[in-house]
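All heavy atoms count here, side chains included; hydrogens, waters and symmetry mates do not. Worth saying up front: this structure is predicted, and the values here are computed from it rather than measured. Positions are given from 1 along the sequence.
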Amino acid sequence: MGFGDINHYVSNGRDGQINLDELARANNKKAGFILEEAQANLELAAETGYKPELRRNFSVLSLLGVGFGLTNSWFGISAALTTGISSGGPMMIVYGIIIVACISMCIAITLSELVSSMPNAGGQYYWTMKLAPKKYAPFASYMCGAFAWAGSVFTSASVTISMATSLVGMYALAHPGFVVQRWHVFIAYQLSNLFLLMFNIYEKPLPALSKGALYISLLSFVVITITILVKASGNYQSAHFVFVEFNNNTGWSSSGIAFIVGLINPNWSFSCLDAATHLSEELLEPRRQIPIAIIGTVIIGLVTSLVYSIAMFFSIKNLDAILTSTTGVPILDIFYQVLGSRAGAIVLESLVFLTALTCNVASHTWQARLCWSFARDNGLPGSRYWSKVNPKTGQPINAHFMSCAWCAVIGCIYMGSTTAYNAMVIGCIIFLLLSYSVPTVFLLLKGRDNIKHGPFWMGKIGLFSNYVVLIWTLFTLVFYSFPPVMPVTAGNMNYVSVVIGVFGVYCVIYWFARGRSKYTTIEVREQGIEALTTNLSRQITNVEMILSNIASRK
């Protein structure tokens, strides 16, 4: 009978009777929260036909912790620094951050408008289901959900490999004679992925962990930036080096292509903006709270990544040494150049690693929600397993474990190619952009004024943002498939187009073989609205009566 925190107050007896004694012991604040949660659950059921299964324990701050903790723009610059520096040097990254941040704000506005209008844990695949013509909605929604989930798994894989590279790099710096081998990073990757399994098993600590991720990231950013600037005082690079000088080390004869390829670094640093939308069913006011978190993520990301990058590049002593790094972690080499101390550099890199860890916890929260929500509409093989929420922990544990298992599989790509990390980053970016573009296309075809507007609606600015999302998706789909360096070999080839193509073909085959007969359409889902709302309305009436009686006694 009961859902969310009401589970604590509804007995297991027949007729779903409220546990009067336990509810009476709840303080006014808690009792009020229970009623608000019940009302939010009723709204979800009445509008979508989905049964509320998760507790609404996230606040705006903890939601921002998930959003920024995952996007973590300054960390993204640190982790993917090699691509940007090789493609144009510091100036490429500095201007790339500004360019991508502006585009990301358009993505944020588009996502915020959609989630404010139609909050649902399914996010972009649910919006597609609602916006697309009835004839095409099931297939379009299914493809959108598949791309979104694939993007989340590739994101977790790319963050995990940055953690593994950081661990091996710190060991290499501490042991000068150590030569980094590919298998070292692979083993560290798999161990890191296994270790991270534990953080998304229980629901209760997640809001606190999310806030902690935000605090850890911002504190690490401040400590590293101030330390580097202070230690480099008097030995800064010129403004010309940071803002003007262009260094093309990609092998591409065209500086324009080199610059575009280098945008992958700042683009990854502003990806995953849909993360907060998949927590819609864990908030009391998702229509208002989620846009705040998404827009806030881009603003904080722009400020931190721009300040951080400029500080690091002014402090570099030898750019060539960074490009020929023996640790495989360029930011670690910058720390060592500036501090002149291996121990000091490792301490600062440990802060980057800790930020990466919290980033991956947020990524696993996101990918588990995506997998679970998609599975409850039978979007995945074995959906009956992945759509379960563990009653003891309040988490979709099966979906979490399955997604992590695929992260382990994707990590095997690293053993076959030196540019595997680049492919994971690009896969994350393109899969997610494709999933954003599908509902955006149908929003424009349906007409922006032909849907119910939420509290967040930007009018003409929103329309402009929608077109930017579509243009940027096409742009990245073409240019991010280019090889990162020339000449091309089997080892440094960009295989992302193969990954996207193979996954796309698999999705289409699965759809026609099985998916179209199993996938839950919006019409089928909405047939259960009456039963759900009747149940939840009765529950709210009981809670209101009990709270009224408690108040009268006092």
Side-chain angles (χ1 to χ4, degrees), residues 48 100 102-120 122-152 267 270-275 277-278 280 290-291 294 370 373-374 377 379 426-454 456-481 497 500-501 503-505 507-508 511 515-516 519 521-523:
T48 67
V100 173
C102 291
I103 294 168
S104 296
M105 183 57 75
C106 293
I107 295 172
I109 289 170
T110 297
L111 296 176
S112 295
E113 285 187 332
L114 287 167
V115 76
S116 184
S117 172
M118 298 170 281
N120 186 279
Q124 50 267 55
Y125 93 80
Y126 173 76
W127 305 330
T128 301
M129 200 184 294
K130 293 285 287 185
L131 295 170
K134 184 177 179 180
K135 181 180 179 180
Y136 306 108
F139 178 67
S141 172
Y142 161 77
M143 290 299 292
C144 181
F147 283 140
W149 178 67
S152 71
N267 203 157
F270 284 89
S271 60
C272 318
L273 292 175
D274 65 301
T277 69
H278 302 289
S280 295
I290 293 177
I294 297 176
L370 250 172
S373 61
F374 194 39
D377 283 317
I426 300 170
C428 149
I429 294 169
I430 294 181
F431 275 130
L432 291 177
L433 283 175
L434 286 171
S435 76
Y436 303 159
S437 293
V438 175
T440 304
V441 166
F442 289 116
L443 172 65
L444 294 173
L445 291 175
K446 188 180 182 70
R448 289 171 51 84
D449 292 329
N450 293 327
I451 69 168
K452 177 184 175 183
H453 297 174
F456 184 92
W457 192 257
M458 297 293 286
K460 291 183 179 179
I461 294 176
L463 177 62
F464 173 78
S465 298
N466 296 161
Y467 281 111
V468 170
V469 170
L470 299 182
I471 294 168
W472 183 244
T473 300
L474 291 174
F475 179 86
T476 56
L477 188 60
V478 174
F479 287 100
Y480 285 9
S481 298
S497 56
I500 293 171
F503 184 75
V505 169
C507 289
V508 172
W511 172 259
R516 61 180 174 177
Y519 195 62
T521 64
I522 197 71
E523 292 78 19

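- For Phe475, the ring-ring contact (aromatic ring centres under 6.0 Å, His included) criterion is met by Trp472, Phe479, not counting sequence neighbours.
- Considering only heavy atoms from C-beta on, Val438 stays 4.5 Å or farther from Met143 through its side chain.
- The ring-ring contact (aromatic ring centres under 6.0 Å, His included) search around Phe456 returns none, not counting sequence neighbours.
- Separation of atoms CD1 (Ile103) and CG (Leu433) is listed at 9.5 Å; rounding is to 0.5 Å.
- The shortest distance between side-chain heavy atoms of Gln124 and His278 falls below 4.5 Å.
- Looking at Asp377, its side chain never comes within 3.5 Å of a backbone N or O of Gly379 through a donor-acceptor pair.
- Here the closest heavy-atom approach between residue Gly462 and residue Ile109 is recorded as CA-CG2, 4.0 Å.
- Distance check, rounded to the nearest 0.5 Å: CG of Leu445 to OG1 of Thr440 gives 11.0 Å.
- If you take OG on Ser104 and CG on Leu111, they are separated by 10.0 Å, rounding to the nearest 0.5 Å.
- Side chains of Asn466 and Thr110: a donor-acceptor N/O pair is present below 3.5 angstrom, by distance only.
- No side-chain donor-acceptor contact under 3.5 Å links Ser373 and Tyr126.
- Across Leu463, Ile461, Val469, Val468, a single residue satisfies side chain to side chain contact (heavy atoms under 4.5 Å, CB included) together with Ser465, and that is Ile461.
- Of the inter-residue distances, the one linking Ile522 atom CD1 with Ser141 atom OG reads 8.0 Å to the nearest 0.5 angstrom.
- Side-chain contact, Ser437 with Thr473: a donor N or O sits under 3.5 Å from an acceptor N or O.
- Put simply, the side chain of Arg448 gets close to the backbone of Gly459: a donor and an acceptor are under 3.5 Å apart.
- Here OG of Ser112 is found 4.0 Å from CD1 of Ile294. Values are rounded to the nearest 0.5 Å.
- Once rounded to the nearest 0.5 Å, the distance linking CG of Asn120 with OG1 of Thr48 reads 5.5 Å.
- Residues Ser116 and Trp457 fail the side-chain proximity criterion, which asks for heavy atoms closer than 4.5 Å.
- In terms of modelled atom types and a separation under 3.5 Å, the side chain of Trp127 and the main chain of Met118 share a donor-acceptor contact.
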- [ ] Output, in order, the C-alpha distance, side-chain angles, deciding distance and verdict of side-chain contact (heavy atoms from CB on, under 4.5 Å) for Met105 and Ile107.
- [x] CA-CA 5 Å; Met105 183 57 75; Ile107 295 172; over 6 Å; no
Task: Derivation of the ring-ring contact (aromatic ring centres under 6.0 Å, His included) call for Phe442 and Tyr136 - done: CA-CA 10 Å; Phe442 289 116; Tyr136 306 108; 7.7 Å; no
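- A heavy-atom distance below 4.5 Å is not found between the side chains of Leu114 and Tyr436.
- In this structure, Lys130 and Thr128 have side chains that are not in contact, with every pair of non-hydrogen atoms separated by 4.5 Å or more.
- Using a 4.5 Å heavy-atom cutoff, the side chains of Phe147 and Phe503 are in contact.
- In this structure Tyr125 satisfies the ring-ring contact (aromatic ring centres under 6.0 Å, His included) test together with Phe374, sequence neighbours excluded.
- Contact detail for Ala148 and Leu432: the closest heavy-atom pair is O-CD2, 3.8 Å.
- Contact detail for Val115 and Ser280: the closest heavy-atom pair is CG2-OG, 3.7 Å.
- The main-chain N or O of Met458 is found under 3.5 Å from a side-chain atom of Glu113 such that the two form a donor-acceptor pair.
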